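Residue numbers count from 1 along this sequence. Just so it is clear, the structure is predicted and the values come from calculations on it, not from any experiment.
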Amino acid sequence: MSAALLLLAFADAASAQPIEIQADQFEMLLEERMTTYTGNVVATQGSRAITGRELVVRFNEDNEILAMRASGEPARLTDAEEEAPISLAGALLDYDFDESVVRAEGGGVLSRGGDTIAARRIVYDLKAENARAVGDDTHRVTLTLAPAADRSKLLPNP
């Protein structure tokens, strides 16, 4: 049981940084390979953090994390280690560990270095540092650019 608790990692599995999770409640369902943290969840490892109302972590037979789903008003992923700190928020955040991709649903907002993208859905690739935003008939994609910001890492590569 303790091995599964300690495997909540935001970076690769070889990360040597300690992990801290704070929540009002915790539940582990070993048969379903899932843990759920609820109530003011704050999970941190190094400079990266996920916050929200609830965090569900799915893992495989080897206790390797497959995915996380954070919900909140909003749920938020932050990384302060980058040259320009990154923040990705939304009603739901789905973090796929194999792909190193985070999807923000329900009013997503991606901020970096003073630049901001707001959309119904945002997909952010953590490795390639690429973003894709999708609007709909009532919520268009909105991009706000700071005058001197480096946008090369915020906008997708052609």
J.: Kindly determine whether Asn130 and Tyr124 satisfy side-chain contact (heavy atoms from CB on, under 4.5 Å), including the steps that lead there.
T.: CA-CA 6 Å; Asn130 290 338; Tyr124 186 68; over 6 Å; no
J.: May I ask you to decide whether Arg58 forms a salt bridge with Glu32, counting only side-chain N to carboxylate O separations under 4.0 Å?
T.: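 The answer is no: the pair does not qualify as a salt bridge.
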J.: If you define the side chain from C-beta out and look only at heavy atoms, does anything of Arg120 sit under 4.5 Å from Glu105?
T.: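 In contact.
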J.: Looking at side-chain heavy atoms only, is the closest gap between Ile117 and Val109 below 4.5 Å?
T.: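 Counting from C-beta outward, Ile117 and Val109 never come under 4.5 Å.
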J.: I'd like to check Val41 versus Arg53 (side-chain heavy atoms, cut-off strictly below 4.5 Å). Are they in contact?
T.: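 No. Closest side-chain heavy atoms not under 4.5 Å.
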J.: Where is the tightest heavy-atom contact between Ile122 and Ala133, given as atom of each residue plus distance?
T.: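 Nearest pair, atom of Ile122 first, then Ala133: CG1-CB, 4.2 Å.
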J.: Stepwise, does the side-chain hydrogen bond (donor to acceptor under 3.5 Å, both in side chains) test hold for Glu20 with Gln22?
T.: CA-CA 7 Å; Glu20 181 176 301; Gln22 298 177 357; 2.7 Å; yes
J.: Please evaluate residues Met28 and Met34 with respect to the criterion side-chain contact (heavy atoms from CB on, under 4.5 Å), reporting the C-alpha separation (whole Å), side-chain torsions for both, the decisive distance (0.1 Å), and the verdict.
T.: CA-CA 6 Å; Met28 176 178 275; Met34 180 175 80; over 6 Å; no
J.: Is Ile21 linked to Leu30 within one hydrophobic cluster, defined over Ile, Leu, Val, Met, Phe, Trp and Tyr using a side-chain heavy-atom separation of less than 4.5 Å?
T.: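 Hydrophobic grouping puts Ile21 with Leu30.
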J.: Verify side-chain hydrogen bond (donor to acceptor under 3.5 Å, both in side chains) between Arg76 and Ser87, making sure each step is shown before the conclusion.
T.: CA-CA 7 Å; Arg76 185 177 310 275; Ser87 174; 3.1 Å; yes
J.: Tyr95 and Arg48: which non-hydrogen atoms are nearest, and at how many Å?
T.: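 Smallest interatomic distance, heavy atoms only, reads OH-NH1, 3.4 Å.
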J.: Could you give me the CA-CA distance, side-chain angles and deciding distance for Lys127 and Glu99, then say whether salt bridge (charged side-chain N to carboxylate O under 4.0 Å, His left out) is met?
T.: CA-CA 9 Å; Lys127 286 183 182 175; Glu99 295 179 12; over 6 Å; no
J.: First locate atom CD of Gln45, then atom CG of Asp79, and finally report the distance between them rounded to the nearest 0.5 Å.
T.: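 Gln45 CD to Asp79 CG: 10.5 Å, rounded to 0.5 Å.
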J.: If you take all heavy atoms of Val56 and Glu54, which pair is closest and at what distance?
T.: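 Scanning both residues completely, I find the closest heavy atoms to be CG2-OE1, 3.8 Å.
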J.: Answer whether the closest heavy-atom distance between the side chains of Val102 and Leu126 falls below 4.5 Å.
T.: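 When only atoms from C-beta onward are counted, Leu126 and Val102 do touch, with a gap below 4.5 Å.
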J.: Would the distance check show the side chain of Asn60 and the main-chain N or O of Glu64 forming a donor-acceptor pair, the cut-off being under 3.5 Å?
T.: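 A pair under 3.5 Å: yes.
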J.: Just by distance, do the side chain of Asp115 and the backbone of Leu145 share a donor-acceptor pair under 3.5 Å?
T.: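 Between the backbone of Leu145 and the side chain of Asp115 there is no qualifying donor-acceptor contact (under 3.5 Å).
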J.: For the residue pair Leu77 and Leu93, what are the closest heavy atoms and their distance?
T.: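 Shortest heavy-atom contact: N-CD1, 3.5 Å.
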J.: How close do Tyr37 and Ala23 get, counting heavy atoms only, and between which atoms?
T.: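 Heavy-atom minimum between the residues: CB-CB, 3.9 Å.
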J.: Can you tell me how far apart OG1 (Thr36) and CG (Leu55) are? Round to the nearest 0.5 Å.
T.: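 Result: 8.5 Å between the selected atoms.
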J.: Can you tell me how far the CD1 atom of Ile65 sits from the CZ atom of Arg33, to the nearest 0.5 Å?
T.: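 One gets 13.0 Å once the value is rounded to the nearest 0.5 Å.
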J.: Can you tell me how far the OG1 atom of Thr35 sits from the CZ atom of Phe26, to the nearest 0.5 Å?
T.: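 Result: 5.5 Å between the selected atoms.
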J.: Between Ala104 and Leu88, what is the shortest heavy-atom contact and its length?
T.: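 That closest heavy-atom pairing would be CB-CD1, 3.8 Å.
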J.: To the nearest 0.5 Å, what is the distance between CZ on Arg132 and CZ on Arg103?
T.: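 That separation rounds to 7.5 Å.
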J.: Consider only side-chain heavy atoms of I, L, V, M, F, W and Y, link residues closer than 4.5 Å, and tell whether Val123 and Val141 are in one cluster.
T.: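 Cluster IDs for Val123 and Val141 differ.
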J.: What distance separates Leu143 CG from Thr116 OG1, expressed to the nearest 0.5 Å?
T.: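 Nearest 0.5 Å value for the CG-OG1 distance: 8.5 Å.
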